[in-house]
Amino acid sequence: QVQLVESGGGLVQAGDSLRLSCAASGRTFSTYAMGWFRQAPGEEREFVAAISWSGTSTYGADSVKGRFTISRDYAKNTVSLQMNSLKPENTAVYYCAARKSTIATMNDALLAFEYDYWGQGTQVTVSS
């Protein structure tokens, strides 16, 4: 069992940056691929970024490439999402997720059902 807790959300202006953090429990954190998803009001849950269990591969949605960066810290059992040049359309609840299965491709990383554990979410609001 893995417990995930997100933090770092808040209210910012367009063009600002935020760094989200996800703290994971357990000793098997390093064996899980990790991902970030977001959900805006009235919208479906959307893939944002993911990182392999080894940390050697990262995946990002086209809409955030070049602006968002995912990383993980094995010593601290955390995964982060650095968000730069935020836009109002990035407003959403951001969720951290963990999966036991290996991410094979970008198309695989997108699949929400492949993720086994989810955090409670953290609100990110970007004003124009």
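When reading the values below, keep in mind they use all heavy atoms of this one structure, side chains included, and skip hydrogens, waters and symmetry mates.
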Hydrophobic clustering (ILVMFWY, side-chain heavy atoms < 4.5 Å, transitive) - are [Y] and [X] grouped together?
X   : Y    : value
L81 : V12  : yes
Y94 : Y117 : yes
V48 : I51  : yes

Reported [atom1]-to-[atom2] distance for the pair [X] and [Y], which is rounded to 0.5 angstrom:
X    : Y    : atom1 : atom2 : value
L110 : E46  : CG    : CD    : 9.5 Å
L86  : S127 : CG    : OG    : 10.5 Å
S21  : R72  : OG    : CZ    : 12.5 Å
S30  : D73  : OG    : CG    : 12.0 Å
Y32  : S52  : OH    : OG    : 15.5 Å
Q3   : C22  : CD    : SG    : 10.5 Å

Considering all heavy atoms of both residues, which atom of [X] and which atom of [Y] are nearest to each other, and what is their separation?
X    : Y    : result
I70  : W36  : CD1-CD1, 3.5 Å
S17  : S85  : OG-N, 4.1 Å
A24  : V2   : CB-CG1, 4.4 Å
V126 : T91  : N-OG1, 2.9 Å
V93  : G121 : CG1-CA, 3.8 Å
M106 : G60  : CE-O, 3.1 Å

Neighbour count >12 (heavy atoms, 6.0 Å) for atom NZ, K100: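 Counting neighbours around NZ of K100, 12 or fewer heavy atoms of other residues, nucleotides or ligands fall under 6.0 Å, so no.
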Partner residues of D108 under the salt bridge (Lys or Arg N to Asp or Glu O under 4.0 Å) criterion, sequence neighbours left out: R99
With T122 via side-chain hydrogen bond (donor to acceptor under 3.5 Å, both in side chains) - residues at least two apart: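 Result, side-chain hydrogen bond (donor to acceptor under 3.5 Å, both in side chains) vs T122: none returned.
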Audit row: L20, M83, side chain to side chain contact (heavy atoms under 4.5 Å, CB included) steps and yes/no: CA-CA 8 Å; L20 305 183; M83 305 185 294; 3.7 Å; yes
Geometric class of the Y95/W118 ring pair [parallel <30°, tilted 30-60°, perpendicular >60°]: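 Correct class here is perpendicular.
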Between R19 and Q82: side-chain donor-acceptor atoms closer than 3.5 Å: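 Side-chain D/A pair, R19 to Q82: present.
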Residues which pass side-chain contact (heavy atoms from CB on, under 4.5 Å) with A109, listed by chain and number, not counting sequence neighbours: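 A109 satisfies side-chain contact (heavy atoms from CB on, under 4.5 Å) with F47, A50, Y59, I103, Y115 only.
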Test log, rule side chain to side chain contact (heavy atoms under 4.5 Å, CB included), inputs M34 and L4: CA-CA 11 Å; M34 305 293 296; L4 306 173; 4.0 Å; yes
Q39 side-chain N/O to A92 backbone N/O, donor-acceptor pair under 3.5 Å: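 The answer is no, because no donor-acceptor pair under 3.5 Å joins these two groups.
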